[in-house]
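Written out below as structure tokens is the structure these notes cover.
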Amino acid sequence: MQRKLNKADLVNQIRNIGVKAGDLLHLKVSMRSIGEIDGGAETLLDALLEVVGDKGTLVSDAFIHVYPLPLDDTQAQQIADDNTRSYAGAFANAMINHPDMLRSSHPIQKFAAIGHHAKALCGNHTEQSGGYDLLNEMAKMNAVNLTIGKRVVGVGTTHVAIELVGLRRRHLNMGINYRNAQGEVKLAKVDWNGGCAYGFPKFIPFYEQDGAVLGLGKIGEANALLTSMKETLRIEMEILKENPAFFFCDDKTCYSCQMAWEHSPKKAIPFYTRWLWKNLKGLSFSRIRHLSKALKKS
């Protein structure tokens, strides 16, 4: 039986990948991919803090759920604040629970940060900011991105590139109530564009050939990739200016890629034919009719 990883194991593996003292580090972590750690996500966080040291900074996505508008009665009672749990996974929530954590006050696209630059980064990411403005600032500051695990998608800057190039997705009618710094409860609406998680890995070969990869290795059983955020953003913007649909996935039944963007193919009849064939085999006629009505409203 394989023994559990301890903090010393993790410190050595993180350093072997290329993380250094003083790094400004954006983290995307799949704890499940790593394997068993003595102490779980909190031990990994402690190991990362030891490696980057007092002058380093850790930043993690700490986003929260949103809902279709208008909110129903149950959803309207959910008031987001700095303590709201994130859907971004166990490591993100370990960051949130750390006593030295600062969390950006953007109502939805929150980030959690610990360390030297945490106050400046989080203090500038407010309800007036774009969803991914904090990552853009990190790229300007020569930050590095560490992705750990197969379940982790992208390196973060792809979202920034999509916004800066000006690509737009339709159907952004989502939001949540939140409590602002004055204690007022207000509605926050999604006004950024996201992207298809299954298309983002298509950029990775270009990171490798254009020098954005700073290190490769293993954290436990998980593959880990260390990249320059400034360089991944540059590469992504160059590709998307040339081919705005590059980040679309290859699934012809993916609604997001095939229908939702202003530059999607939007060939409705072929799309719905493929979607129906893929998803409705074996369902009852009443269920098919219900889903068809839902698609027409989307």
Side-chain angles (χ1 to χ4, degrees), residues 5-15 17-31 34 37-64 80-126 129 131-149 152 155-157 159-160 181 214-215 219-220 222 224-229:
L5 294 164
N6 59 33
K7 180 180 173 181
D9 297 325
L10 295 168
V11 166
N12 288 333
Q13 292 174 359
I14 292 163
R15 285 178 173 149
I17 290 166
V19 180
K20 306 183 300 298
D23 274 348
L24 170 56
L25 190 61
H26 176 231
L27 293 149
K28 296 172 79 69
V29 179
S30 167
M31 292 300 302
I34 296 171
I37 299 174
D38 188 9
E42 289 77 12
T43 299
L44 176 59
L45 176 54
D46 287 344
L48 285 158
L49 287 169
E50 179 171 321
V51 173
V52 300
D54 293 342
K55 297 298 182 182
T57 309
L58 304 183
V59 178
S60 173
D61 305 343
F63 309 149
I64 62 174
D81 59 25
D82 285 352
N83 296 314
T84 300
R85 185 174 176 83
S86 174
Y87 65 77
F91 183 81
N93 287 294
M95 288 274 293
I96 292 167
N97 293 329
H98 193 279
D100 297 330
M101 185 277 305
L102 295 175
R103 199 169 184 186
S104 64
S105 57
H106 190 282
I108 299 170
Q109 295 296 87
K110 293 179 174 295
F111 291 85
I114 303 170
H116 186 68
H117 295 292
K119 185 175 181 180
L121 286 168
C122 291
N124 289 326
H125 193 232
T126 68
S129 303
Y132 297 101
D133 286 0
L134 185 145
L135 295 182
N136 191 23
E137 289 304 308
M138 289 182 69
K140 293 175 184 177
M141 297 166 68
N142 295 313
V144 291
N145 192 93
L146 179 60
T147 58
I148 303 173
V152 174
V155 297
T157 53
H159 291 295
V160 180
L214 304 176
I219 302 293
L225 175 69
L226 188 71
T227 53
S228 160
M229 293 183 72

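- The minimum heavy-atom distance linking L58 with M95 is given by the pair O-CE, 3.6 Å.
- Nearest heavy-atom pair across L25 and M138 is C-CE, 4.1 Å.
- Heavy atoms only, all atoms of each residue included: E42 and A94 are closest at OE2-CB, 4.1 Å.
- Between L48 and L146, some side-chain heavy-atom pair lies under the 4.5 Å cut-off.
- Between the CG atom of L5 and the CG atom of N12 there is a distance of 11.0 Å, given to the nearest 0.5 Å.
- Among residues two or more places apart in sequence or in another chain, the side chain to side chain contact (heavy atoms under 4.5 Å, CB included) test is passed with K140 by N136, E137.
- Minimum heavy-atom separation, G115 to T57: C-OG1, 3.9 Å.
- For residues 87-106, the pairs satisfying side chain to side chain donor-acceptor pair (under 3.5 Å) are S104-H125, with sequence neighbours left out.
- Every side-chain hydrogen bond (donor to acceptor under 3.5 Å, both in side chains) that D9 has, sequence neighbours left out, goes to R3.
- In this structure, the separation between OG on S60 and CD1 on I96 is 7.5 Å, given to the nearest 0.5 Å.
- Distance check, rounded to the nearest 0.5 Å: OG1 of T126 to CG of L134 gives 11.0 Å.
- When L102, L135, L24, D133 are each tested for a side-chain contact (heavy atoms from CB on, under 4.5 Å) with L121, only one passes: L24.
- If you take CD1 on I64 and CD on Q109, they are separated by 9.0 Å, rounding to the nearest 0.5 Å.
- Residue K20 places its NZ atom among 12 or fewer non-hydrogen atoms of other residues, nucleotides or ligands, all under 6.0 Å distant.
- Under the 3.5 Å distance criterion, the side-chain polar atoms of S86 are left unmatched by any main-chain donor or acceptor of A92.
- Atom CG of L49 sits about 9.5 Å away from atom CD1 of I14, to the nearest 0.5 Å.
- Note that the OG1 atom of T147 and the NZ atom of K28 stand 8.5 Å from one another [nearest 0.5 Å].
- Inter-residue side-chain proximity for N6 and T43 is flagged as unmet; no heavy-atom pair is nearer than 4.5 Å.
- Of all non-hydrogen atoms in I148 and A222, the two that sit nearest each other are CG2-CB, 3.8 Å.
- Note: F63 and F111 have perpendicular aromatic rings, judged against thresholds of 30 and 60 degrees for the angle between ring planes.
- The shortest heavy-atom contact between I37 and L44 is CD1-CB, 4.3 Å.
- When side chains are defined from C-beta on, I114 counts as touching L45, because their heavy atoms get closer than 4.5 Å.
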